[in-house]
Amino acid sequence: MNIYDPKQIEKKWQKYWEDNKTFEVEKDKTKEKFYSLIEFPYPSGVGLHVGHPRPFTAMDIVSRKKRMDGFNVLYPIGFDAFGLPTENYAIKTGRPPAEVTAENIANFTRQLKMLGYSFDWSRVVDTTDPTYFKWTQWLFLQFHKHGLAYKKTMPINWCLSCKIGLANEEVVDGKCERCGGDVEKRDKEQWMLAITKYADSLLAGLEDVDYIPQARTQQENWIGRSEGASIKFRVIPNLKSEESRHSGSGSLVVPPRDDVNIEVFTTRPDTLFGATYMVLAPEGEYVQQLKDYISNWDEVEEYINKAKLKSDLERTELQKEKTGIKLEGMMVINPVNNEEIPVFVADYVLANYGTGAIMAVPGHDERDFEFAKKYDLEIREVISGGNILESAYSGDGVLVNSDFLNNKNVVDAKKEIISWLEEKHIGKGKVQFKLRDWVFSRQRYWGEPIPLVYCENCAEKSKKLKVKSQKVVLIHGISGHAQENWFPWLKDELEHIGYTVYVPNLPHAEHPNLEEWVDELCKLPIDDGDEIVVVGHSLGAPVACKFVEQKNIKIKKLILVAPTGTQQEKDWSGLKSVGLDEKALKCIHNFNSAKKDWKHIVSLTEESVIYLSDNDPYIPLSVKNDYQELNARIKEFSGKGHFNRKVGMTQFQAILSEFNYEEHLNSGWIPLPEDQLPLELPQVEKYEPTETGESPLAAIEEWVNTTCPQCGGSARRETDTMPNWAGSSWYFLRYMDPHNDKEFASPENLKYWAPVDWYNGGMEHTVLHLLYSRFWNQFLYDIGLVPTKEPYKKRTSHGMILAEDGEKMSKSRGNVINPDEMVEQFGTDAFRLYIMFMGPFDQAVAWNTDGVKGMRRFLDKVWNLQEKVVVAEAKDNNLTRLVHQTIKKVTQDIDKMNFNTAISSLMEFTNVLTKEEKISKAGYAVLVKLLSVFAPHIAEELWSEIGNTKSIAYEAWPQYDESQLVEDEVTLAVQVNGKLRATLVVPADITEEDAKARALGHGDIGKWLEGREPKKVIYVKAKLVSIVV
RNA sequence: GCCGAAGUGGUGGAAUUGGUAGACACGCACGACUCAAAAUCGUGUGCCGCAAGGCAUGAGGGUUCGAUUCCCUCCUUCGGCACCA
């Protein structure tokens, strides 16, 4: 027998795996698949960090075990190679980022191969490879096509001395990381992706996946759905204020204007009676709008400018004391009690959440309380339950000092006040999300160019398309509500592109009456001169038809979405299952059977479209017969065919597509046709952003100037590039079909491999990356391009590896551990084992090089066991039991990612075998197979040493037999008054009486009883006897 | 400030439907082998105590025959954050 020489055998087996393509996936698609995924690394110049191997090794173990369980396993690797560090390196050295990236990838590849991972190396992806980012660009254009990409003015971090835009990461303590100069917020037009449209869907999707609780909670908190109300407060000049007449600005008191309102969002509308002042965000629009009222503008402006310099971090973490300025010259009226209350501007209110204005309830909100204390504002109790003079009370309780809400509990009071506000038209129930749209532009070189051009000519044409007076009526259905679901979004979007939109909240929606609804709609201020589009959803569809008939005016387009038809009672099961009662069902029936003059409706309607969805519980497909006339008409007109059954498209998107939304919104922005993709990066001389804040691409005139793919005229390219997140939002899809040059991945490959079965990554990516990639996948699902709504079935996370001093590893601290050195010193297998053994996988743990030695010793022991292997079967029952116990423990521990205890049970097994004279080949084979997933090289070598010719990678994983686990003797603990006084070995099937008797009769126990009679004797089966005296 | 996780020997950690606290490994000590060292093997190793025994899972309290595990109060450390109204 040779000495264990890791260097030699590791090279040997790595070559074997490569030559034999051992870990390339099988083409056989009848075999059950398993897709395990790790976050692909950013190939930095310093090479692999010991943090990387932790998740890579863990998922390698999972993948290797799955192969031995008989699955067709895909365990891919790639490189997320666009990014700031490479770009900054290019700025410093002038070397092209592509060149540097290629070198770094080569180094990473060498290191990853050295670690013996079972990656399918034939499927490597690189986000900076044009054959990859061609599809990143193509996917972006799908967002653009569906109206989910739009341009908006957003603030960027601007370094005043470098004159370039900075990433958040480059702003340290409010200063520029490069030069230490001041940083301020500056506005720039940026491309946005409308992830907020998917807020509900991203939240709901979490129900269908198996994520570790922290990941799920973080996603939920980030999306941040909260229910509350928006409430309008009327602004009045403050005539009482003497000060305002003689203020610094010198302006006179502004005459009353009755049309100025400030709208606030609150999750606690029940505390409206306790609102004693209002606060506006300094960077919000309201302050600017109200400038005319404000008599101390100089002071206010100074405060706003100061707030601009503060980062969000300063406004949150560092600032203990709240600051603010009272707006002199104006007050607002609390609509619930007509009290005049003062208005402040203060930076504890953010412009980008809600409306940028809050009603302050110091009695029941901690932040408002602090502010009120400082500025000596009234603190009013409206919920009983806590002492509000000491601190704000935000808990549950009974309403007081609140007029008609008195004596109600918080939940009821919320409902009551919302319906009161809605009735008076001063507020409404509202769902608010924390999630904001995604800024998708970067003014950088080293990213995917955004494949759009701007064409003046086409922009002009599209403007002409807009007509003067366009009005849209949105009609909701039964139990519906104008504020619910997607109606508010739709209203916002349509208003944004110039429509006037009516969303009437129809009366008695629980038990509607057709005449009443139609009468209500006829009151809307629309007439024959207008261009009218009517949208009816669900029960709103027959209402819309009846409305057209009764109003008797020309309609440009009638859009019916998931309409109800003349359902018979036998079709009502679907309706009942969603909770409608008999009374409501009767209403629907009456609605639908009401006579409609279809000829008349069709003659009034210029164009009509019906959307049916196959999976709508309300709508049986049989209803299509109810709209025969319309159906025929649609065929005749639109050429789109008949019922537009866009499965997978949301109803919201379907409707929006009827309004040429994207054309209106981004008029002039023309996508490159597919045959012009990929749009590659041009060669540049300098990698710095330009002085105007545009990316270096803007300086390359011959690249920027191009022709419009639509009209052939002259056009200019977009010079912004995509963020680093873009390529990583879909890489898991590309792995399924990495060399496809016709599609981003073929439907059959997607169908076989999606979704990812198990995705492990760092906690630092459980918010943004996870959310972004789920968003992309959900969108692609909705437009029918991927087969599953959720991309990842299961998500786990690993803890960080800290340096030996317990600090974070970093170059500047000089405490970085290099994997190359570890492998050189101890071998890959020992290194892998240590990485997995060092602590619980999901927790941070400090590196200890001495620990690796222990793993090497363990492997030496396993190696040396070869000598003792005999062909004969072992007869010893205890050993058989240990074999089965070890198989069970290792199998279960891998599934739970308890790798440390799995390895320790292998050590215990090995320690026992070491003490044996002879060991059976079968027993040793079990050890080698179990070990093979952790330490694959030594396992392959030992496997061939004991006479096998094929790789161990596809051998069957050992199975345990429960019946072999049964012990025949157990050790009972004997306690007297809770303290351990003796142990006794007894047969496992001992009876309770027998066990108690033996315990009481035990010599050591008599001493402790001191002749006293036991008061109580407790027996826990096969565990202990507890005696109480 | 908010949210999340965690506090166990000299060190990393094991053990939780409440049932012998410290598995496994590192380190350390002693012994064997060696001229010697390294490596390897063996023995020991929570703390106090000669011992009997007592004390021990961040601190304090509670429930229980019995608590690392459940409950309450407090302290500390780590991670995330967009003061989210």
Side-chain angles (χ1 to χ4, degrees), chain A residues 168 213-215 217-218 220-222 224-226 228 264-269 271 279 311-320 322 346-350 352-355 357-361 364-368 370-371 394 432-436 762-764 766-767 797 799-800 802 804 806 808 833-834 837-840 842-855 857-858 860-861 864 898 900-911 914 971-983 1007 1014-1029:
Chain A
N168 282 336
Q214 296 98 300
T217 308
Q218 285 208 51
E220 285 170 348
N221 290 346
W222 195 264
R225 184 181 199 275
S226 55
V264 303
F265 173 75
T266 176
T267 54
R268 295 296 304 273
T271 61
V279 186
S311 67
D312 284 349
L313 200 75
E314 281 176 296
R315 280 166 65 165
T316 58
E317 196 173 310
L318 300 178
Q319 186 185 343
K320 294 278 181 278
K322 306 246 175 301
D347 65 9
Y348 79 95
V349 171
L350 299 177
N352 48 30
Y353 182 74
T355 61
I358 63 156
M359 63 177 214
V361 185
H364 304 283
D365 181 283
E366 197 62 47
R367 290 149 304 176
D368 297 344
E370 275 174 46
F371 190 83
S394 54
Q432 181 73 44
F433 291 95
K434 274 196 272 185
L435 187 68
R436 306 193 292 241
M763 277 313 282
E764 72 274 21
T766 52
V767 178
S797 269
M800 212 191 305
L802 305 170
E804 289 187 284
K808 246 186 188 169
L833 275 173
Y834 177 64
F837 182 74
M838 63 193 299
D842 58 353
Q843 276 170 43
V845 60
W847 182 266
N848 177 9
T849 299
D850 275 346
V852 193
K853 281 188 214 165
M855 302 302 118
R857 278 179 206 157
F858 164 61
D860 279 330
K861 276 191 204 173
N864 293 335
N898 294 336
N900 52 341
T901 51
I903 293 168
S904 77
S905 72
L906 286 175
M907 288 173 170
E908 286 177 81
F909 186 30
T910 304
N911 290 343
T914 305
T971 308
L972 278 189
V974 185
Q975 294 181 343
V976 178
N977 284 347
K979 289 206 192 309
L980 181 74
R981 297 304 183 189
T983 58
K1007 181 169 76 178
K1015 284 187 199 139
K1016 207 176 180 185
V1017 181
I1018 292 148
Y1019 175 66
V1020 179
K1021 193 172 185 307
K1023 287 244 168 83
L1024 63 55
V1025 178
S1026 180
I1027 303 161
V1028 191
V1029 295

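We name chains A, B, ... by the order of the sequence lines, and we start the count at 1 in each one. Just so you know, these numbers come straight off a predicted model, no measurement behind them. Side chains are part of it too, since the values below use all heavy atoms of this structure and drop only hydrogens, waters and symmetry mates.
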Could you tell me which nucleotide pairs with B:C84 by Watson-Crick or G-U wobble geometry, both distances under 3.5 Å, or answer none if nothing does? none
Going by purine N1 to pyrimidine N3 plus the second Watson-Crick contact, or the G-U wobble pair, all under 3.5 Å, which nucleotide sits opposite B:C41? B:G31
Classify the nucleic acid contact of A:T983 as base, sugar-phosphate or nothing, counting any heavy atom under 4.0 Å across all strands shown. base
Classify the nucleic acid contact of A:V845 as base, sugar-phosphate or nothing, counting any heavy atom under 4.0 Å across all strands shown. sugar-phosphate
Which nucleotide, B:A82, B:A25, B:G12, lies nearest any side-chain atom of A:K861? B:A25
According to the Watson-Crick and G-U wobble definitions, with both distances under 3.5 Å, which nucleotide is paired to B:G53? B:C48
Under 4.0 angstrom, heavy atoms only, what part of the nucleic acid is A:M763 near: base, sugar-phosphate, or nothing? nothing
Nucleotide forming a Watson-Crick or wobble pair with B:U68, both distances under 3.5 Å: none
What nucleic acid atoms does A:P213 come within less than 4.0 Å of, heavy atoms only: base, sugar-phosphate, or nothing? nothing
From the candidates B:C81, B:C26, B:C84, the one with an atom nearest any side-chain atom of A:R436 is B:C84
Taking a pair to mean Watson-Crick or G-U wobble geometry with both distances below 3.5 Å, B:C74 pairs with B:G58
Looking across every strand, which nucleic acid part, if any, lies under 4.0 Å from A:Q218 by heavy atom: base, sugar-phosphate, or nothing? sugar-phosphate
Mind checking A:E908 for me? I need base, sugar-phosphate or nothing, with any heavy atom below 4.0 Å counting as a touch. sugar-phosphate
